[in-house]
Amino acid sequence: MTHSSWHLMQPGLTVRRLVLMMLVWATAAAGLHAFWRLLAPGGMQPLEWAVLMLFAITFTTSCVAFWTMMTGILLRLAGRHPVTLSRHGPDAADAPPLARTALVMPAYNEDMPGVVHCLTATWRSLQETGESGYFDCFLLSDSSDPDQRARERDAVARLRARFGNGLRLFYRARPDNTGRKPGNIRDFCERWGAHYEYMIVLDADSRMTGETILTLVRRMQANPQAGILQTVPLPVGQRTILGRFQQLAASLHARHIANGLAFWQGNSTNYWGHNAIVRVADFQACCGLSKLPGKPPLGGDIMSHDYVEAGLMRRHGRGVYVLPEIGGSFEGMPGNFVDDLKRERRWCQGNLQHLRLLRGRGWRPVTRLNFLLGGLAYVNAPLWLLMIAAGVLDAVLSPDAGRWVAAASSPAQLLIPLLGLSLMVLFGPRLLGILVTAASPEGAGRRVALLRGGLLELGFGILRSPLMMVLYTGFIVRLLTGRPAGWDTGVRGRRQIDAGQAWRLGWPIALATAAVALLVATAAPALLPWLLPALVGPLLFPLFLQLTSLTAPGWLPATPAEAQGHVPMNRHAVTASPRTSPWREAQTPAEHFRPMPLQPLSWRPDGV
């Protein structure tokens, strides 16, 4: 049986990429031309040329995001699969058989009640499919604290006692955290990878439905060219204002973005490190990571290893796909802005490291583009700041604020095209995405609530974006001065930021923003209204820190997945005991398997 309805064809992929590239360049050229027409009368000064060049870089990046998301929305409206372009999903009657698969969850000093909750919910859902016999669970601990390891063993014992023989859960504790998460996964592959066709990688806060897991395995079975299949994990479970806004944003827009990426990237999409299925043999053969030359933060261990692992898969001819139509994939998230920024800073370091890989040998073009766009996601922040600073400086140094005042009061035929195009690129897909989701079947009965929540989230994003621009710039400065982000355990609880802590953390940015506003109001007052959207968020940073950590009010709606009960929940939570108790070491998987030679991961320094 060929299982043709499950096979991932990608017709016309080269044409898709060319069309999208032309749309991006045409839109960017239109914006650049409109900006040039605004500044050109009377000749261009050096600072104005600098502003125009910085605008070209940042606006082009925004155009890539615009057309990616617009493509995803159009595919959803047309009912087309983003990879195959088919109107029909896989046929259940044509479903491939299942295969031996490991569910692997790396853990590093994690909150064990949360881990137990996620494992219980996922395994319960898998049991309900009647196919759990193909799957084993591994809790792969790298925890450094002996008391934490005792809590982990206690939690594993409680889970085994609860499920009995219905749960094959194995616990392994490494003596150290060598190689961080990639090293943890590598150790699993070296020890037990030969016994499984696939592994589904879970974070400590990941939850997946049983049907999602079975669909991933069957898709892999029907696509021998695939090395990784990635779902779109939606954040769930937070009740703070920040959590609600970010969960709403993901539920409204994440699948549209993923649809667009799948459309033009095809078999060369990124891997996000979790909630994905990986072919173990391909991972062992292709995905060995060496350290980057030099010291951290830009050298040493690669922080955003998942992007590089996807690139290595493609370099060796294996496919990496994102399948947005597969729902039932969820993750946790931080509940306040301080904890969220710790994660962002680590991602910033990893994405800047990717820029060092651009000249590496053997990367596919889309891989290089992913490295570049990932780096620009953070580098654009100081570029935007430099662009604004150059414009303000030029206005202050010029008599009567020079051409920037003139530009702000230019005739409508010059100003409206640039303003309209910029607003369309920045906000058009998000507004359309809100309308499409609210009008879809998943919005039935909650359309008004989703529209209200989506528009509130959009306003929140408008305030937050300039603040993130300032914070990302600070991250980059810290990294360039040799201060790495580190890799701490993620904090996903509901931790409230009090007013004192918010002021201590936020006053430097607020005070600096107030000084800039005062300078502009004094030297070039006509520019102040145009700069206010970029000043309000940083100016209110302390208040922002405190308020977003509070419990969300009832009128801020839950996500469609939560409201419809699609998130796998553990109704009878198993709580790990915080006490240390006598423990007899559980059997390891090696005691259940026939001894056999283990094939180590290939370690390829030329990979980076």
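Ring planes of W363 and F371: perpendicular class, angle over 60° (limits at 30 and 60°). Using bins of under 30°, 30° to 60° and over 60° for the plane-to-plane angle, the ring pair Y196/F138 lands in the perpendicular bin.
Between the side chains of T68 and W264, at least one donor N or O sits under 3.5 Å from an acceptor N or O. Looking only at atom types and distance, the side chain of T71 has no donor-acceptor partner in the side chain of N259 under 3.5 Å away. Defined by atom type and a distance below 3.5 Å, a donor-acceptor pair is missing between the side-chain atoms of N270 and Q265. Counted by atom type alone, E344 and Y472 present one or more donor-acceptor pairs between their side chains at under 3.5 Å. Judged by distance alone, the side chains of D176 and T178 do bring a donor and an acceptor atom under 3.5 Å apart. Defined by atom type and a distance below 3.5 Å, a donor-acceptor pair is missing between the side-chain atoms of Q230 and T269. Side chain to side chain, T212 and T209 meet the donor-acceptor criterion of an N or O pair below 3.5 Å. If you check the side chains of N275 and T231, you find no donor sitting under 3.5 Å from an acceptor. A donor-acceptor pair shorter than 3.5 Å can be found between the side chains of S268 and R314.
How far CE of M220 is from CD1 of I200: 9.0 Å, rounded to the nearest 0.5 Å. The distance from atom CD of E197 to atom OH of Y134, rounded to the nearest 0.5 Å, is 12.5 Å. Atom SG in C348 sits 4.5 Å away from atom CD1 in I476 (nearest 0.5 Å). Separation of atoms CD (Q349) and CD (Q353) is listed at 5.0 Å; rounding is to 0.5 Å. In this structure, OG on S141 lies 10.0 Å from OH on Y108, to the nearest 0.5 angstrom.
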Inset, instruction - For the pair H195 and R100, evaluate side chain to side chain donor-acceptor pair (under 3.5 Å) and give the outcome as yes or no after the intermediate values. - result: CA-CA 8 Å; H195 305 290; R100 291 282 291 164; over 6 Å; no
Legend entry - I213 vs L216, side-chain contact (heavy atoms from CB on, under 4.5 Å): CA-CA, chis, key distance, verdict: CA-CA 5 Å; I213 291 171; L216 286 172; 5.6 Å; no
Legend entry - side-chain contact (heavy atoms from CB on, under 4.5 Å) between T215 and W6, worked out: CA-CA 10 Å; T215 301; W6 290 77; 4.2 Å; yes
Inset, instruction - Would you check, one step at a time, whether the test side chain to side chain donor-acceptor pair (under 3.5 Å) holds for S144 with N109? - result: CA-CA 7 Å; S144 54; N109 298 324; 3.3 Å; yes
Inset, instruction - Start with the C-alpha gap between M313 and D282, add the side-chain angles, then the distance that decides, and say whether side-chain contact (heavy atoms from CB on, under 4.5 Å) holds. - result: CA-CA 7 Å; M313 280 279 189; D282 287 348; 3.7 Å; yes
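The shortest distance between side-chain heavy atoms of T120 and L159 falls below 4.5 Å. Put simply, the side chain of P182 reaches to within 4.5 Å of the side chain of E309, judged on heavy atoms. Between L98 and Q221, every side-chain heavy-atom pair lies at or beyond the 4.5 Å cut-off. Using a 4.5 Å heavy-atom threshold, the side chains of W123 and L169 count as separate. Using a 4.5 Å cut-off on side-chain heavy atoms (C-beta onward), M105 and L140 make no contact.
Under the 4.0 Å criterion applied to side-chain N and carboxylate O atoms, R218 and D91 are not assigned as salt-bridge partners. A salt bridge between D187 and R191 is present, with a side-chain N of the basic residue lying under 4.0 Å from a carboxylate O of the acidic one. With respect to R186 and E190, a salt bridge is recorded, a charged nitrogen being found less than 4.0 Å from a carboxylate O. Look at R158 and D154 and you find a salt bridge, because one of the NZ, NE, NH1 or NH2 atoms lies within 4.0 Å of a carboxylate O, short of that distance. Look at K181 and D306 and you find no salt bridge, because none of the NZ, NE, NH1 or NH2 atoms lies under 4.0 Å from a carboxylate O.
Cation-pi geometry between R172 and F188 is not satisfied (NZ or CZ under 6.0 Å from the ring centre, within 45° of the ring normal).
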